[in-house]
There are 2 protein chains.
Amino acid sequence: MHKKIADEDLLGEKFLSNISVDIVIFGFHNRQLKILLLRFKNTSLYALPGGFINEEEEDIEEAVERVLTERTGIKDIYLEQFGVFGSKKRAFGATHKHIHESAGKTTELNPWITQRFVTVGYYALVNLKETVPNPDDVSDFCGWIDINEIPTLAFDHKSIIEKALESLRMMLDLKLAVFNLMPESFTMNDLQSLYETILGKKLQRTNFQRKMLSLGILERLDKHWTGGAHKAAYLYRFDKNKYNEMQKEEMNTNKF
Amino acid sequence: MHKKIADEDLLGEKFLSNISVDIVIFGFHNRQLKILLLRFKNTSLYALPGGFINEEEEDIEEAVERVLTERTGIKDIYLEQFGVFGSKKRAFGATHKHIHESAGKTTELNPWITQRFVTVGYYALVNLKETVPNPDDVSDFCGWIDINEIPTLAFDHKSIIEKALESLRMMLDLKLAVFNLMPESFTMNDLQSLYETILGKKLQRTNFQRKMLSLGILERLDKHWTGGAHKAAYLYRFDKNKYNEMQKEEMNTNKF
DNA sequence: CAACCATTGTATCAAAGTGATACAATATTA
DNA sequence: TAATATTGTATCACTTTGATACAATGGTTG
């Protein structure tokens with residue numbers, strides 16, 4: 001909804017009209033599920049990273065990948081399209097004017113931005129530690145915010161985030177995408193706390209462990225010193241090779 | 001992608017640019033899963049019902065509902081948004097020109113239609129018997145076609161249908177939307193054949209019956225004369241009241 | 001350094017769910 | 001009236017899931 005544009009006057013010519021993309025970038029750190037948010041300059045108004053689609057050169061997903069790289073510095077990210085938001089009320093001229101002025105811009109606001117936009121929502125699952133958040137030219141902050149401490153958001157981004165979370169929850173047991181959020185190695189407890197925040201409920205420790213191990217995609221590494229006064233937990237690694245083998249077998253068995 | 005337009009010259013002014021909707025309308029009859037297709041005048045080219053979004057007056061879903069009613073005559077239909085198709089190749093000027101000319105139009109093709117479109121895919125589940133298919137002004141046929149006998153399709157509608165089917169398959173056990181496809185009363189065997197065509201595989205009769213009955217949302221009616229030389233099957237009705245009660249209970253139990 | 005403590009890894013039991021098979025009931029046909 | 005095809009239900013083995021028990025262990029504390 002606000003990308004770095006070399007020449008603002010080109011807006012209307014370069015990009016598809018009436019269409020934007022917004023990305024809910026999920027990360028996980030300190031047993032907290034977080035998303036990447038921007039804050040508009042000199043305001044307390046936050047928003048999702050987003051942008052527009054180059055009319056000549058970009059598939060939607062390519063535009064999303066571009067925005068992702070611009071905001072986080074990383075590439076090859078797990079992406080999922082989760083919905084389109086197309087209310088007739090999605091024209092935010094007044095808000096854009098406010099953002100434009102707060103950013104101290106002296107040029108006139110390009111009227112192209114005030115039209116009605118249908119936005120395509122994607123969520124991304126990234127290893128938070130590998131990212132270097134980078135604000136755009138109308139924001140003075142770009143960083144990770146706990147999913148339970150989301151501040152006031154511009155536009156309808158609050159409901160977009162809710163839909164993304166719901167979608168992530170649905171996919172949790174269908175795909176194993178969640179491992180994209182984990183660091184290289186982690187304990188069962190780390191993984192369980194991720195599941196718990198996504199699902200919004202507590203899980204039984206022993207049964208969770210049994211289930212994860214039975215997936216057959218975790219490689220057990222060394223023990224891990226927690227520093228706590230108790231037995232040390234094993235570290236695990238997501239084994240992509242085993243996962244790929246499993247996928248192949250599934251393909252074979254599912255045919256009739 | 002081709003709706004009845006009072007004045008074609010208004011195209012660019014009335015509707016959102018670069019955005020269309022396409023609808024995969026599913027119906028079930030004679031133990032066959034079917035979708036509603038249009039055929040362009042004087043061609044053997046078929047396409048999904050679709051249209052554009054009125055810039056001032058319509059949410060996306062409202063546009064979809066309008067198109068649905070225009071093509072089938074019915075309202076209050078089960079709808080699900082299943083994806084957005086935004087390849088940079090989605091500009092179909094040549095095809096539209098061909099369609100326009102084949103339809104015998106004397107006016108110039110409105111250049112608005114030749115731009116790149118991002119299309120939002122919805123599927124609808126309808127009781128086929130209640131519909132009255134109705135072609136638009138560039139098509140000479142609008143009717144139900146077996147999912148296994150899909151003819152050559154215009155644009156990228158083939159892959160849109162595939163994605164819709166896949167999405168329907170995924171939702172099958174999560175929601176009970178499938179009953180929107182059934183007539184008022186049906187036998188277990190009818191229902192099973194619907195599940196089988198959607199899933200693309202045979203199911204065990206006895207276990208399917210057990211599972212469906214255990215859902216607690218089927219009301220058993222009278223016996224049914226099949227005309228066959230065997231025991232008559234019961235007729236069942238989808239009991240919307242029981243279903244709603246179940247949903248309510250689920251809401252209560254799911255809270256923490 | 002030994003008793004203690006909190007957490008981890010694993011085993012086990014009961015309940016629920018699922019796949020496969022058996023069999024009685026019955027509407028029509030021959 | 002017997003034969004036949006299909007339907008409705010029961011049952012058994014097997015798997016999955018929820019809940020509980022318990023031994024192992026790394027660090028803490030007296």
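In what follows, every chain begins at residue 1, and chains take the letters A, B, ... in the order their sequences are listed.
In this structure, A:Asn189 places its CG atom 9 Å from P of C:dG9, rounding to the nearest Å. Computed from coordinates, the B:Lys211 NZ to C:dG19 P distance equals 8 Å when rounded to whole Å. For the pair A:Asp222 CG and D:dG26 C1', the interatomic distance rounds to 16 Å; values are reported in whole Å. Following rounding to the nearest Å, B:Gln192 (CD) and D:dT6 (C1') show an atom-to-atom distance of 12 Å. Rounded to an integer number of Å, the gap from B:Arg205 CZ to D:dA10 C1' is 12 Å. In this structure, CG of B:Leu213 is placed 12 Å from C1' of D:dT7, rounded to the nearest angstrom. B:Arg210 has its CZ atom 13 Å from the P atom of D:dC12, to the nearest Å. Rounding to whole angstrom units, CZ of residue B:Arg31 and C1' of D:dT6 are separated by 11 Å.
For A:Gln209 and C:dG9, the shortest distance from a side-chain N or O to OP1 or OP2 is below 4.0 Å. Remark: B:Gln204 is in phosphate contact with C:dA20, judged by side-chain N or O atoms under 4.0 Å from OP1 or OP2.
Between the side chain of B:Thr206 and the base of C:dT21, a donor-acceptor pair under 3.5 Å is found. B:Arg220 contributes no side-chain N or O that forms a donor-acceptor pair with the base of D:dG8 under 3.5 Å.
Here CD1 of A:Ile160 is found 5.0 Å from CZ of A:Phe85. Values are rounded to the nearest 0.5 Å.
With respect to the salt-bridge test (charged N to carboxylate O, under 4.0 angstrom), the residues B:Lys175 and B:Glu80 qualify. For A:Lys211 and A:Asp173, the salt-bridge test passes: some basic side-chain N is under 4.0 Å from an acidic carboxylate O. Ion pairing of B:Arg237 with B:Glu184 is present here, as a side-chain N (NZ or NE/NH1/NH2) and a carboxylate O approach within less than 4.0 Å. For B:Arg66 and B:Glu70, the salt-bridge test passes: some basic side-chain N is under 4.0 Å from an acidic carboxylate O.
At least one side-chain heavy atom of A:Leu174 sits under 4.5 Å from a side-chain heavy atom of B:Met170.
When each of B:Leu79, B:Leu48, B:Ile25 is tested with B:Tyr122 by the rule side chain to side chain contact (heavy atoms under 4.5 Å, CB included), just one qualifies, namely B:Leu79. For the side chain to side chain contact (heavy atoms under 4.5 Å, CB included) with B:Thr206, the qualifying choice from B:Gln209, B:Gln204, B:Arg210 is B:Gln204, the only one to do so.
Each of C:dG9, C:dA20, C:dT10 was ranked by its minimum atom distance to the side chain of B:Asn207; first place goes to C:dA20.
Rounded to 10°, the helix from C:dC1-D:dG30 to C:dA30-D:dT1 has 20° between the axis fitted to its first five pairs and the one fitted to its last five.
Contacts between residues 230-239 of chain B and DNA chain C, counted as heavy-atom distances below 4.0 Å, involve B:His230, B:Lys231, B:Ala232.
Annotation: cation-pi geometry satisfied between A:Arg220 and A:Tyr234 (NZ/CZ under 6.0 angstrom from ring centroid, within 45° of ring axis).
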